[in-house]
Amino acid sequence: MPKRPPPGPAPAPSLWPPRRLLVSLASLAAATLLVRAGFLEYVAGGIIDGAVRNIITLILGFTGLVSALAWFLRESGHARPLKRGVLFGVAALVGAGIAALRIEGVSGDLVPRFRARWQKPRDALLEPAVAAGAAAA
């Protein structure tokens, strides 16, 4: 039985995303475009409205973002300080968004309306209601 040569060193991780990630991101982008264009209604029928389209778009976009971020942090050949910087930068952006914004409400299509936390709610900007008895006196 012939001897196999010893395996060589593992190839260095690439700085560019692999083809499988690019195909996945392209598939997610195509699916998002089809959902936004309304082609899902032909498949599922009238159950698909604006709210369902928005939720599906949110899920597809989040999946693509997390996939790209996971590849960058785990499998890319970038320097470790850059990876940590990106991780802490993303965490800081999410934390700043949570600290600075609040969801004031959602539309009928489940699109959130954000407002800065330091601004008064719109209800607080209304003039106080006067009781009917106090107005007559």
Do the side chains of [X] and [Y] join up, straight or via other hydrophobic residues, at under 4.5 Å, putting them in one cluster?
| X | Y | answer |
| --- | --- | --- |
| Leu60 | Leu34 | no |
| Val52 | Leu28 | yes |
| Leu21 | Leu87 | yes |
| Val90 | Leu82 | yes |

Between [atom1] of [X] and [atom2] of [Y], what distance do you get to the nearest 0.5 Å?
| X | Y | atom1 | atom2 | answer |
| --- | --- | --- | --- | --- |
| Leu58 | Thr63 | CG | OG1 | 9.0 Å |
| Leu110 | Thr57 | CG | OG1 | 11.5 Å |
| Asn54 | Ile59 | CG | CD1 | 11.0 Å |
| Arg20 | Ser67 | CZ | OG | 10.5 Å |
| Leu73 | Arg80 | CG | CZ | 11.5 Å |
| Tyr42 | Ile48 | OH | CD1 | 13.0 Å |

Short N-O contact, Glu41 and Arg36, less than 4.0 angstrom: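 Between Arg36 and Glu41 there is no salt bridge, as every charged N stays at least 4.0 Å from the carboxylate O atoms.
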Closest approach of [X] to [Y] (non-hydrogen atoms, all atoms of both residues):
| X | Y | result |
| --- | --- | --- |
| Pro112 | Val106 | CA-CG1, 3.8 Å |
| Gly108 | Ala51 | O-CB, 4.0 Å |
| Pro13 | Glu75 | CB-O, 3.5 Å |

For [X], is the [atom1] atom crowded, meaning more than 12 foreign heavy atoms sit under 6.0 Å from it?
| X | atom1 | answer |
| --- | --- | --- |
| Phe114 | CZ | yes |
| Arg117 | CZ | yes |
| Arg115 | CZ | yes |

task: Just jot down the side chain to side chain contact (heavy atoms under 4.5 Å, CB included) partners of Ser76, sequence neighbours excluded, or say none.
output: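 Counting only residues at least two positions away or on another chain, Ser76 forms a side chain to side chain contact (heavy atoms under 4.5 Å, CB included) with Trp71, Phe72, His78, Lys83.
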